[in-house]
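Report on the following structure.
Sequence lines set the chain letters: A, B, ... in the order given, protein chains first and strands last, and positions in each chain run from 1.
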Amino acid sequence: MGQLQPLEGNLAVAEAMRQINPDVVAAYPITPSTEIVQTFANFVADGEVDTNYVAVESEHSAMSACTAAAAAGGRVMNVTSANGLALMWEILYITASFRQPVILTVVNRALSGNINIHCDHSDTMGTRDAGWIQLYSENVQECYDNLIQAVAIGERMDVRLPVMSCLDGFLVSHSYEMLEVEDDEAVREWIGPYKPNEPLLDVENPYTMGPIDLYDYYIEHKYSQWQAYPAAKQAVIEEGKRFGETFGREYGLMETLGLDDADIAVVAMSSAAGTAKDVVDKLRDEGVKAGLLKLRCFRPFPGEEIAAALAGCKAVCVMDRAASFGAGSGPLFHEIAAAMYTGGQTVPINNVIYGLGGRTVKPADIESVYRGLMEIADTGKVEQVCTWLSVRE
Amino acid sequence: MPKNLKQLSESPVRLTAGHRLCPGCGEPIVVKQILAASDDPVIAANATGCLEVSTTIFPYTAWTIPWLHIAFENAAAVAAGMEAMYQSLKNQGKIDADTNYNFVAFAGDGGTYDIGFQALSGAVERGHKLLYVCLNNQAYMNTGIQRSSASPLGANTTTSPAGKLIPGKTKYQKDLTACMAAHDMPYAAQTIPGRWRDITRKAERAFEIDGPSFINVLTPCPLGWRCAPEETVSISQLAADTCFWPLYEVDHGEWKLNYRPKEKVPVDEFLSKQGRFRHLFKGDQGEEVRRQIQERVDYKWEQLLDRCGES
């Protein structure tokens, strides 16, 4: 049985890292995730973990050292935000290509400029093609639970992919909430020991990793990587179920509210989905058939499952906490619109971009999105595909 | 005791024949000499560059040791990451504590002096037990002879071309070995492939140190230097004889000169063997640049003698 404790998101992540007890952490501090590495450094200083903590000189070296440490043959974790994630960019692709299950907590923060330290999803959305599994957390409990599951998912022998576990900067990272913290032994038993795969420290079986790979093999290697993602999606489902069986909190690719009979639905991720739940409750009290799809697993993208879940709606709005400049709408919208189209759905769908740089999204803001959907459901017409929510013009 | 020539010749082959480096390339000579210096297991990190692309064309590899390439600017961080995992597993009793594993990073001057300098400086400051070897051929040779901060004054490269107005590179080379020594690291040295005893002894010294070590090897590139492939070794010897590239080491803060030519050969002897300096032997402007190069060599040599207590 776990224990109820009040913790900030950052402290819950650090607590999960302490319990996971990775062999190596190589990290560089950046707001709003700094508190995680500080707290973890204290665990190292007090001998509470076996981890070799490498206080590198940049995020580029952080992800380079993490990828190399994982390739050497052990469990590796890392933490970052925003510009730090951008500096890791080059290496993120390589970590995934090498199939190294490095676990990275990203405390979501706006990617400059101008510089802003508050929440949006522009950092992780930008890395969506890098090959990492991405899980998004609504609250403190979820960022604790998701980090533990990330280890089990990424390290499965049929997956072997790096995982980002994402939480909203300040909104979750610096918010105290009650959460259930499981026993150390129960967590360690649930994730199990690390299973190395062709480790470089096995000097008896030397391995050349990261060779030059030209037009005669490169595309086959990329195709082989491509084939890992259906297994990864299955792993997210199975490990979420197994987590539920052990700890009583089950997870899936997404969480839905009222979609069984919803006329109008919003798709959102992370903390805004929590706000949207209250709005759905309010609208339901008024007799409006409102629903919510909270996407937890953005990579691998569960397009078919999303299209099926939204199939009965008369209007859908996708809320993006990131803009895709020049594309005319947000990244989550693009993928959901594509999934709906290829899934044969003709539900009218629109997009709002909200909350950039930490702009507060209030229940009334989300309610206005639902009110807009009621109109679309009536007319069947989308006047404007993408709008910015509560923005001064 | 350092290995003698017979023992070196019997050392395990860690970079095999069949790689695709150019005829006369100094890199495989240096790599083999460095890796022959220890019989302990060794694990290599390699920056993007000639050595990496020419020894690992998939599905082939010329390496008989574990080898990892991730990117261009991070060889030091990559070696540090592997070493960090090794130390962690060793401390946890998951790896035999009696065996010593060596970690070595190979990178060119681009990956060391320029884009990889930050990662190198960081890894050295953190004290990882690893040897970093700079295969310094004084330009970005893998991408086609572009200037680096290791390129010497006057060098004709594709981004510091010798033109009608500008006579090649207009800046002096960075003194990176001294920069590394200024980190107060346990061991920093520079050498050439032409003196096998010097290079293998330095590698042995580096491997026995419980911390970071750095060896800067002037590594001739016949393609980029435009010199004869059979002269790789002799040109590197000329670099030492002209004091253009002195052989020395800084062992725990103690500066030691390892080679003092009987007669200091004029730097023109070194320059004239290489097409990259050919333009300096035509006209007054070239002569002036050669004078500046000689002046710089003399200044740096006196500075080194002073540091080594030999002036």
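Heavy atoms of A/Ala55 lying under 4.5 Å from chain B belong exclusively to its backbone. Contact of A/Phe98 with chain B is made through the side chain alone, with heavy-atom distances under 4.5 Å. Contact of A/Leu200 with chain B is made through backbone and side chain together, with heavy-atom distances under 4.5 Å. Both the backbone and the side chain of B/Ile70 have a heavy atom closer than 4.5 Å to some heavy atom of chain A. At a 4.5 Å heavy-atom cutoff, the contact between B/Tyr101 and chain A is made by side-chain atoms alone. Using a 4.5 Å cut-off between heavy atoms, A/Tyr207 contacts chain B through its backbone alone, with no side-chain atom that close. Neither the backbone nor the side chain of A/Ala26 comes within less than 4.5 Å of any heavy atom in chain B.
Contact record, B/Ala119 with A/Glu57: CA-OE2, 3.4 Å, taken as the closest heavy-atom pair. In this structure, B/Trp63 and A/Thr208 approach most closely via the heavy-atom pair CB-OG1, 4.1 Å. In plain terms, the two heavy atoms of B/Ala77 and A/Ser61 that are nearest each other are CB-OG, 3.6 Å. A/Ile94 and B/Ala71 get closest at one heavy-atom pair: CD1-CB, 4.3 Å. The shortest heavy-atom contact between B/Leu89 and A/Gly73 is CD1-O, 3.5 Å.
When each of A/Cys66, A/Ala72, A/Ala69 is scored by its heavy-atom pairs under 4.5 Å with chain B, the top score falls to A/Ala69. When each of B/His128, B/Gln92, B/Glu125 is scored by its heavy-atom pairs under 4.5 Å with chain A, the top score falls to B/Gln92. Among A/Val203, A/Asn205, A/Val76, the residue with the largest count of heavy-atom pairs under 4.5 Å with chain B is A/Val203.
By the 6.0 Å contact criterion, CD on A/Glu189 is open, its count of non-hydrogen atoms from other residues, nucleotides or ligands being 12 or less. Atom CG of A/Leu214 sits in a crowded spot, with more than 12 heavy atoms from other residues, nucleotides or ligands closer than 6.0 Å. Residue B/Ile95 places its CD1 atom among more than 12 non-hydrogen atoms of other residues, nucleotides or ligands, all under 6.0 Å distant. By the 6.0 Å contact criterion, CG on B/Asp210 is open, its count of non-hydrogen atoms from other residues, nucleotides or ligands being 12 or less.
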Can B/Asn74 and A/Ile91 be said to form a side chain to side chain contact (heavy atoms under 4.5 Å, CB included), step by step?
-> CA-CA 10 Å; B/Asn74 61 358; A/Ile91 310 302; 3.6 Å; yes
Apply the test side chain to side chain contact (heavy atoms under 4.5 Å, CB included) to residues A/Asp23 and B/Lys94: give CA-CA distance (whole Å), side-chain angles for both, the deciding distance (0.1 Å), then the verdict.
-> CA-CA 11 Å; A/Asp23 299 308; B/Lys94 294 176 182 172; 3.6 Å; yes
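Interface with chain A: from residues 43-62 of chain B, residues B/Ile43, B/Glu52, B/Val53, B/Thr56, B/Ile57, B/Phe58, B/Pro59, B/Thr61 qualify, criterion being any non-hydrogen pair under 4.5 Å.
Rounding to the nearest 0.5 Å gives a distance of 7.0 Å between CD of B/Gln87 and CG of A/Asn52.
A donor-acceptor pair under 3.5 Å is absent between the side-chain atoms of B/Ser88 and the main chain of A/Thr51, judged by distance alone. Distance alone, capped at 3.5 Å, places no donor-acceptor pair between the B/His69 side chain and the A/Pro211 backbone.
Of the N and O atoms on the side chains of A/Ser58 and B/Gln118, at least one donor lies less than 3.5 Å from an acceptor on the other residue.
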